[in-house]
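What follows is a short report on a single structure.
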Amino acid sequence: MKKPKRATAAKAKTGRKTSAGRSKAAPKRPARPAPRGASAADDAKATIKAIIRGLRSKLKLAERRIAELEAAADTDFLLEIPNRRGFERELARAIAYMKRYRASGALIVLDVDRLKPINDSFGHAAGDEVLKVIAGALTRQIRASDVVGRLGGDEFALLLWNLTETDAKAKAATLEQAIDDLSFTFRGQRVTAGASAGVALLGAQSDAGRALEEADAAMYVRKARRRHEPRIRLVSS
């Protein structure tokens, strides 16, 4: 009767070993796939991020375009210097700075003489050429911190920093002389233009509109004193 018991015990031991072996050799269960809901949420987030990147890119392009349009609105298309709008903005900023820091400066309004006879005799292309040369001459006569602009037609304005009244009037005379010395050749004839300049001082108490009116009035007084001839003065044929 003891032998069957031994057989049963051996069989049980063998069964345990087989079960353990099976347990060790059993393959690993594959990872469960992500639920459909999680995958859809990730796709939605990626799409939103792509949309945001696209909107940011478009916003940067729009801001750049706006800056370009604002710059164009403040610039004279012919002479590539500030127009009246741009110059008045610079003048207002300068006066605001002067009020805060007690700085000073001068405003010069300059009117080109005999431009209309040049336009009438040689065409508006000739008049445009005269204006371009004059704008270049004025730009060369000022510092990098100063501003020269075109108020319209044949009238220019210059914003000059840190000048006394004596210095400002001397500068206006220098500008007049620089333009008087210019000569132009159209259809075989050399002609001159000329200019008259008026000065207004700028400081902490200045107002942009009144300063422009003051300089403009001084310019017309100066124009009357210079007594330019109404016709084109021929230098030589």
Side-chain angles (χ1 to χ4, degrees), residues 66-113 115 128-182 192-226 228:
I66 289 171
E68 291 174 353
L69 291 173
E70 287 180 346
D74 289 345
T75 304
D76 184 273
F77 73 93
L78 176 65
L79 306 181
E80 298 183 349
I81 59 176
N83 56 18
R84 176 178 282 274
R85 181 176 183 269
F87 185 84
E88 287 181 348
R89 178 179 294 181
E90 292 296 326
L91 179 60
R93 287 175 179 172
I95 291 177
Y97 181 92
M98 292 174 187
K99 289 180 178 179
R100 182 172 182 179
Y101 297 103
R102 300 292 174 181
S104 62
L107 171 66
I108 297 177
V109 171
L110 185 145
D111 188 76
V112 179
D113 298 310
L115 184 63
D128 290 347
E129 184 63 25
V130 171
L131 291 174
K132 289 178 182 179
V133 174
I134 289 175
L138 294 176
T139 302
R140 289 191 296 271
Q141 291 288 334
I142 63 174
R143 299 161 294 184
S145 58
D146 300 331
V147 181
V148 56
R150 183 186 183 188
L151 299 182
D154 55 2
E155 195 169 68
F156 293 83
L158 297 97
L159 169 62
L160 310 174
W161 287 89
N162 301 321
L163 291 182
T164 64
E165 182 176 4
T166 301
D167 292 338
K169 290 181 177 179
K171 188 64 175 179
T174 300
L175 295 173
E176 288 179 348
Q177 188 62 49
I179 296 175
D180 287 346
D181 290 342
L182 297 174
T192 62
S196 301
V199 177
L201 297 181
L202 300 174
Q205 305 303 319
S206 295
D207 173 81
R210 286 198 296 270
L212 281 168
E213 291 175 359
E214 182 182 343
D216 198 56
M219 179 270 294
Y220 279 108
V221 171
R222 176 62 177 161
K223 182 181 285 288
R225 289 177 180 173
R226 281 170 63 91
H228 285 294

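Residue numbers run from 1 in the order of the sequence given.
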**Study point:** Lys171/Val199 under side-chain contact (heavy atoms from CB on, under 4.5 Å): CA gap, chis, key distance, verdict
**Key:** CA-CA 9 Å; Lys171 188 64 175 179; Val199 177; over 6 Å; no

So, for [X] and [Y], which heavy atoms are closest and what is the spacing to 0.1 Å?
| X | Y | answer |
| --- | --- | --- |
| Phe87 | Leu212 | CE2-CD2, 4.5 Å |
| Ala73 | Arg85 | CB-NH1, 3.6 Å |
| Ile95 | Gly203 | CG2-O, 4.4 Å |
| Ala200 | Ala211 | CB-O, 3.6 Å |
| Ala135 | Ile81 | CB-CD1, 4.4 Å |
| Trp161 | Ala103 | CZ3-CB, 4.3 Å |

Euclidean distance, [Y] [atom2] relative to [X] [atom1], rounded to 0.5 Å:
| X | Y | atom1 | atom2 | value |
| --- | --- | --- | --- | --- |
| Ile108 | Ile142 | CD1 | CD1 | 10.0 Å |
| Leu91 | Leu158 | CG | CG | 11.5 Å |
| Asn83 | Arg89 | CG | CZ | 9.5 Å |
| Arg222 | Leu110 | CZ | CG | 10.5 Å |
| Met219 | Glu176 | CE | CD | 10.5 Å |
| Glu88 | Leu159 | CD | CG | 12.5 Å |

Check your understanding: Does any donor atom in the side chain of Ser196 or Asp113 lie under 3.5 Å from an acceptor atom in the other side chain?
Key ->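 Ser196 vs Asp113: donor-acceptor pair found between side chains.
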
Review point. Taking atom CZ of Arg143 as the centre, does the number of heavy atoms from other residues, nucleotides or ligands within less than 6.0 Å exceed 12?
Key: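 Yes.
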
**Study point:** Partner set under side chain to side chain contact (heavy atoms under 4.5 Å, CB included) for Ala137, not counting sequence neighbours
**Key:**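 Result, side chain to side chain contact (heavy atoms under 4.5 Å, CB included) vs Ala137: Arg140, Leu182.
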
Looking at side-chain heavy atoms only, is the closest gap between [X] and [Y] below 4.5 Å?
| X | Y | answer |
| --- | --- | --- |
| Val109 | Asp111 | no |
| Ile134 | Leu79 | no |
| Ile179 | Phe156 | no |
| Gln177 | Gln141 | no |
| Ser104 | Asn162 | yes |
| Arg150 | Leu131 | yes |

Exercise for review: Please name the residue in the list Asp167, Asp146, Leu107, Val148 that meets the side-chain contact (heavy atoms from CB on, under 4.5 Å) test with Leu160.
Suggested key: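 Filter result, single survivor: Asp146.
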
Review point. Going by an N to O cut-off under 4.0 Å, is there a salt bridge joining Glu90 and Arg93?
Key: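 Salt bridge between Glu90 and Arg93, a charged N being under 4.0 Å from a carboxylate O: yes.
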
